[in-house]
Amino acid sequence: MIEKIIDKANANQKAEKYVRRLLEKAPLSLIYKTFRKKDIKVNGRWIKKDHVLMEGDTLRIYITEAQLEEFSKPREAVKAPLEYPIVYEDSNILIVDKPAGLLVVGDDKETRNTLARKVLDYLYYKDEFDPSNHSFVPSPAHRIDRNTSGLVIFGKTNEALSELTRLFKERDDIDKRYLTIVVGKVENDEGVIDKPLKKDSATGMVSVCPLKDGGKTAITKYKVLARGGGFTKVEVELLTGRTHQIRAHFASIGHPIIGDAKYGDFSINRELKQLYGLQYQYLHAYKMSFKNPAAPLEYLSNKEFISKALENEKSLMNIFFGKPKLFYKEEK
């Protein structure tokens with residue numbers, strides 16, 4: 001942790017400006033991520049990057065010296081084409097179809113084999129990224145779970161990443177939809193799951209928890225697309241962005257996602273793996289659309305992007321909603 005007492009010379013300025021100067025070796029993407037993760041506090045309270053610092057304030061940044069030292073080294077990158085489908089790319093953004101089983105960014109166990117690293121390799125290959133330049137590192141504007149597949153968008157410039165971060169935080173001008181298959185027959189053709197969720201830091205599991213006990217507001221909209229063979233195909237829209245929200249919400253109403261190793265029906269998962277080779281939860285971020293983003297992304301207004309991987313999923317869809325024999329009877 002880094003702690004600073006704001007003196008008169010550094011008072012009356014925005015926190016972002018002060019932190020950028022304080023962490024001059026760190027890339028802007030790390031600084032913005034630190035603000036997003038609520039790892040920067042003033043007088044014990046989390047602040048936004050436009051917070052104005054006052055003389056006598058105690059600023060704490062929850063980042064280690066080892067992390068700062070790591071960021072002062074040249075970025076690890078090897079020139080290589082991107083092995084995953086590119087849905088869209090221009091000078092500001094890159095939208096990639098992530099396969100299930102791949103982390104978006106590294107964790108304590110895996111730092112190299114991630115989508116973020118692969119993208120840096122690709123941009124280095126295109127001479128659009130310099131590993132020795134610490135002024136900015138292209139980064140994902142959001143995440144999806146390791147075992148969730150689908151669209152992930154990267155900001156290739158500081159300005160683009162800042163606007164993307166705003167869009168995903170405020171959610172008014174970006175719409176992201178998922179496809180999933182859940183166990184059982186969902187009765188209502190459409191609905192809203194409004195249940196607060198809380199993450200257990202020890203287990204990594206998320207559960208329904210009242211707001212008064214530490215739960216955070218979580219709202220999921222859904223629309224039924226098909227029913228058959230004891231399963232339901234659903235389109236999902238997130239109105240909030242909590243960890244494991246879709247998975248925990250559908251499990252909470254008795255319709256867990258097929259293949260989900262944390263919240264699913266384990267006996268059904270075993271049968272699906274044996275019969276159809278299903279390795280991961282069937283949850284796919286298939287569509288992303290923009291409404292009226294601000295500069296420098298205003299040209300994306302009313303643009304929609306669809307996952308290229310959908311064609312590969314048709315065979316799985318046919319298993320549940322086509323004519324092949326199923327081991328679950330249709331619910332009436």
Query raised in the report: Quick one: which of Val119, Leu164, Leu120, Leu123 gives a side-chain contact (heavy atoms from CB on, under 4.5 Å) with Phe154?
Result: Val119
Report summary line: On a heavy-atom basis, the closest approach of Ile219 and Gln245 is O-NE2, 2.8 Å
Query raised in the report: Does a donor on one side chain and an acceptor on the other come within less than 3.5 Å for Gln281 and Thr148?
Result: yes
Query - ILVMFWY network linking Ile174 to Val236, side-chain heavy atoms under 4.5 angstrom - result: no
Query raised in the report: Can you find a pair of side-chain heavy atoms, one from His249 and one from Tyr222, that are under 4.5 Å apart?
Result: no
Query raised in the report: Can you check whether Val224's main-chain N or O pairs, donor with acceptor, with Asp189's side chain at less than 3.5 Å?
Result: no
Query raised in the report: Around Lys17, counting heavy atoms of other residues, nucleotides and ligands shown, do more than 12 lie under 6.0 Å from its NZ?
Result: no
Query - Side-chain touch Glu128/Tyr122, heavy atoms, less than 4.5 angstrom - result: no
Report task. Consider only side-chain N and O atoms of Glu16 and Tyr32, and report whether a donor and an acceptor are under 3.5 Å apart. Result -> yes
Report task. Return yes if some donor-acceptor pair links the side-chain N/O of Lys308 with the main-chain N/O of Ile86 below 3.5 Å, else return no. Result -> yes
Query - Close side-chain approach of Ile258 and Val183, heavy atoms under 4.5 Å - result: yes
Query raised in the report: What are the two closest non-hydrogen atoms of Val87 and Ile306, and how far apart are they?
Result: CG1-O, 3.6 Å
Report task. Could you tell me how the ring of Phe305 sits relative to the ring of Tyr88: parallel (under 30°), tilted (30 to 60°) or perpendicular (over 60°)? Result -> tilted
**Report entry** Residues His284 and Ser307: side-chain donor-acceptor under 3.5 angstrom
**Finding:** yes
Report task. Answer yes or no: is there a side-chain heavy-atom contact under 4.5 Å between Leu197 and Val208? Result -> yes
Report task. Mind running side-chain contact (heavy atoms from CB on, under 4.5 Å) on Lys176 and Tyr178 for me, showing each step along the way? Result -> CA-CA 7 Å; Lys176 193 173 157 196; Tyr178 294 77; 3.1 Å; yes
Requested in this report: Indicate the atoms forming the closest heavy-atom contact of Pro131 with Tyr124, along with that distance.
Outcome: CD-CE1, 3.5 Å
**Report entry** His142/Val152 under side-chain contact (heavy atoms from CB on, under 4.5 Å): CA gap, chis, key distance, verdict
**Finding:** CA-CA 7 Å; His142 63 110; Val152 179; 4.1 Å; yes
Query raised in the report: Is any side-chain N of the basic residue among Arg247 and Asp260 closer than 4.0 Å to the acidic one's carboxylate O?
Result: yes
Query raised in the report: To the nearest 0.5 Å, what is the distance between CG (Asn158) and CD (Glu163)?
Result: 12.0 Å
Report task. Taking the side chain as every heavy atom from C-beta outward, state whether Leu179 and Leu225 have any atom pair closer than 4.5 Å. Result -> yes
Report summary line: Shortest non-hydrogen pair, Arg146 vs Lys98, comes out as O-NZ, 2.8 Å
Report summary line: In terms of heavy-atom contacts, Ser139 and Leu161 come closest through O-CD1, 3.6 Å
Requested in this report: In sequence, state the C-alpha distance, the side-chain angles, and the governing distance for Leu23 and Ile2, and then conclude on side-chain contact (heavy atoms from CB on, under 4.5 Å).
Outcome: CA-CA 10 Å; Leu23 306 181; Ile2 299 172; 3.9 Å; yes
Query raised in the report: Do other residues, nucleotides or ligands put more than 12 heavy atoms under 6.0 Å from the CD atom of Glu190?
Result: no
Query - Stepwise side-chain contact (heavy atoms from CB on, under 4.5 Å) check, Arg177 with Tyr286 - result: CA-CA 6 Å; Arg177 302 294 174 100; Tyr286 86 101; 3.6 Å; yes
Query raised in the report: Does some side-chain heavy atom of Asp200 sit less than 4.5 Å from a side-chain heavy atom of Val206?
Result: no
Query - Side-chain heavy-atom pair Pro256, Phe250 within 4.5 angstrom cut-off - result: no
Query raised in the report: Donor-acceptor pair, Asp265 side chain versus Ser267 backbone, under 3.5 Å?
Result: yes
Query - N/O donor-acceptor pair under 3.5 Å between Thr217 side chain and Pro196 backbone - result: no
Query raised in the report: Cation-pi between Lys79 and Tyr125: NZ/CZ under 6.0 Å from ring centre and within 45° of the ring axis?
Result: no
Query - Side-chain donor-acceptor pair present, Asp39, Thr34, cut-off under 3.5 Å - result: no
Query raised in the report: Any chance NZ of Lys262 has more than 12 other-residue heavy atoms, nucleotides or ligands included, within less than 6.0 Å?
Result: yes
Query raised in the report: Are Ile40 and Ile61 side-chain neighbours, meaning at least one heavy-atom pair lies under 4.5 Å?
Result: yes
**Report entry** Salt-bridge contact Asp172-Arg166 (side-chain N to carboxylate O under 4.0 Å)
**Finding:** no
Query raised in the report: If you draw a 6.0 Å radius around NZ in Lys49, do more than 12 non-hydrogen atoms from other residues or ligands fall strictly inside?
Result: yes
Query raised in the report: Would one find more than 12 heavy atoms of other residues, nucleotides or ligands at under 6.0 Å from atom CE of Met54?
Result: no
Report task. Locate the shortest heavy-atom distance separating Leu238 from Ile246; write the atom from each residue and the value. Result -> CD2-CG1, 3.4 Å
Query raised in the report: Same cluster or not: are Ile95 and Leu297 linked, directly or through other Ile, Leu, Val, Met, Phe, Trp or Tyr residues, by side-chain heavy atoms under 4.5 angstrom apart?
Result: yes
